[in-house]
Amino acid sequence: MRSPYRLITLVTVGSLAACGSGGPDAAPPAGGPIAVAASDSSCEVAKTSVDAGTSVFAITNKGQKVTEFYVYAPGDRVMAEVENIAPGLSRNLHVELPAGTYETACKPGMIGKGIRGPLTVSGSAAPLTDDAALLAATESYSRYVKSQTAALEEKTAEFVATVKAGDVAKAKALFPTTRTYWERIEPVAEIFGDLDPRIDGREEVTEEGLVFGGFHRIEKDLWVDGSAAKSGPVADQLLADVKEIVQKANAEKLSPLQLANGAKALLDEVASGKITGEEDRYSHTDLWDFNANIDGSKAAIAALRPVLEERAPELVKTLDTEFANVDATLAKHRAGDGWKLHNELSQADLKELTDAINALAEPISQVAAVVAKKA
Amino acid sequence: MVSRRRALTLAGAGIAGIAGTAAAARHLTTDDAPDPVTGAVAFTGAHQAGIVTAAQDRLHFVAFDVVTKDRDRLVKVLKEWTAAAARMTAGQDAGEIGAVAGIPEAPPDDTGEAIGLPPSALTITAGFGPTLFRAADGQDRFGLAARMPEALAPLPAFTGDTLDAALSGGDIAIQACANDPQVAVHAIRNLARIGMGVVSVRWSQLGFGRTASTSTGQATPRNLFGFKDGTRNLKAEEPDLLREHLWVQPGDGPDWMTGGSYLVTRKIRMLIETWDRSPLAEQEAIMGRLKGSGAPLGRTGEFDEPDFQAVGADGEPVIPDIAHVRLAHPDTNNGARMLRRGYNFVDGSDGLGRLDAGLFFIAYQRDPRKAFIPVQRSLAGRDELNEYIRHVSSGLFACPPGVTGSGDHWGSALFA
């Protein structure tokens, strides 16, 4: 389960108006930002059609409730969002939109479907992918996603069958390895709204009215209850959800900027979920996920490598060094074909892993800017 | 609200960088006073700022472990830190681009929480711990072992020490002091971020109220026991005493430390609740001073010299033999003096309902072997105050002389 900030929100939250910094904002696209006047009952977007490319929305909350602003593609696929806009504040949202039909939405009170409006994106303003190397990067990563999703579907089917057969020992063994394919491509999965929390949500983030399901519900059954007797329906739903997300993920092509942000988001996952042992709190198999997140981050960077080598060769060297350092640090905790359990690691071990992730995540956070830079 | 950028412009310091700060420094009337217009303390100078600088109200102190084996990477971070410290003490953003001026796809090179805040007399002071020169196992980590000053030998164990190793020591220390806590925290946070991959935070401490005055212009503040602290401190206005007791002099040790000073930190937990239940007369006897005025027992003025010979009507010394003021006094310790600039701390409560509070003791000196060590030996063995305090963290750092200009960086002579 990921943070509420979806990686595809190529969001830069601009300076808070209340601070009056007045500093130069990022170069806005021609025509300036699109004003969005949000109140508790209306959502007035100054334009309902824009040119393809980067758009900047300047949202001002004129209501009494905290609000959010979304740009949705068909099927409520989140293209970008900005959250937590307090009354009286203004925020900017940058989003790269290819031609197509979209919806904008303000969500006063941060609940429900929000106040929707149409947005048409037309024309052919050059997206980043016009650059041949960037195009190759997205195609390369698509291939990686296809390979991982195929394995994910297959392993999940096996895991689900084992759970339904009541074979607790074998299901426990399959749990961390099945999740590996999920954790490698989680930034892609995350694009599809509700599916990510349904598949990978933790108990405490299950929304009111929904049932705690997915991987972690079965994990709890297996490790805490020691029984899969009641897990059948949850397992069936998990497989159905995985099949759905696999289909969607394979139809998706991530932008180069999404790859860059995904590489970083995977490390954030490690730093905030895996090192703390929050992710797999019943099984303590967090290091499988940790390793898979690193794999996925590496794959995204690998896809971008030709671009990065052209534009920022020093950064590539740093990334190579720091990926190797993370691998070496993690390798100390190998156990057989797998990994030690999280609760077998000492505080000093966790500190060392944290340092290694920090050392990698800082330079990785620079990749998006390199990719965004027009060649 | 004066923006950070605008405050700097007023000083005529212009663009980012140490050169800008040096320009600001020329406006100052005395070395360590904040600029009257901008409130900035000069970053460059013969000595590091943040030592005799009039003690600011707030502290964020951090000790780092160096996690790289690569000396060049370490030096690179020291250079980046120096440039960032020069900018931040002048009231600018930590990075050259700034918190909100960059492209939207990149994380900002300043974390932004100090936007709009003035320099707030921020000082950033760096020091090197013994383990940077030689690891616990004796390894010469960065080819510096031959340059380690004898005065930087690890502190001995003192009677009653209850030190937590995880809260003690460190390869590099950085002290950020400011009159606004957000400015001090901003400084440490940004330096820690710049150092990621090369250094790792080992421990850190926030302090909220100065417990010493380092200038005759400042009133003596109180510690959490309610007593004035640092009455007999070394002061900025005493150049001869500073030379004798504070600044490392030529010939004292390796040249790279000349003009520097040795920093000792001790996190001293105070057992607040039991102290508060003790009678006023006992509190004053333990300290050897009156709680109200701060005068030594038997005298009337705070700055009166204590009379250690005076005997009361009962035939007992007016200032008890084991009073803190007697045991810590220079007369009892071969004339030892230090410049103290400690801070009160409250780290919430301890789970038993007691304040997790005390004094984060900070002292600078020319040579700890002639200052902190003998004084603490004197105190550790006999001081009645020990019943109410616990030393839980300890640090010793060699703070090199000041950065001189734009080509210079922290530790340049050490790593030359």
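Letters go in sequence order (proteins before strands), and every chain restarts at 1.
Atom OG of A/Ser365 is separated from atom CZ of B/Arg193 by 6.0 Å, given to the nearest 0.5 angstrom.
For a residue to count as touching a neighbouring chain, one of its non-hydrogen atoms must lie under 4.5 Å from one of that chain's; by this rule B/Val201 touches chain A with the backbone only.
At most 12 non-hydrogen atoms from other residues, nucleotides or ligands lie less than 6.0 angstrom from CD of A/Glu310.
Applying a 4.5 Å heavy-atom cutoff, the residues of residues 346-357 of chain A that approach chain B are A/Lys351, A/Asp355.
The choice from A/Pro363, A/Ala361, A/Ala368 that makes the most heavy-atom pairs within less than 4.5 Å of chain B is A/Ala368.
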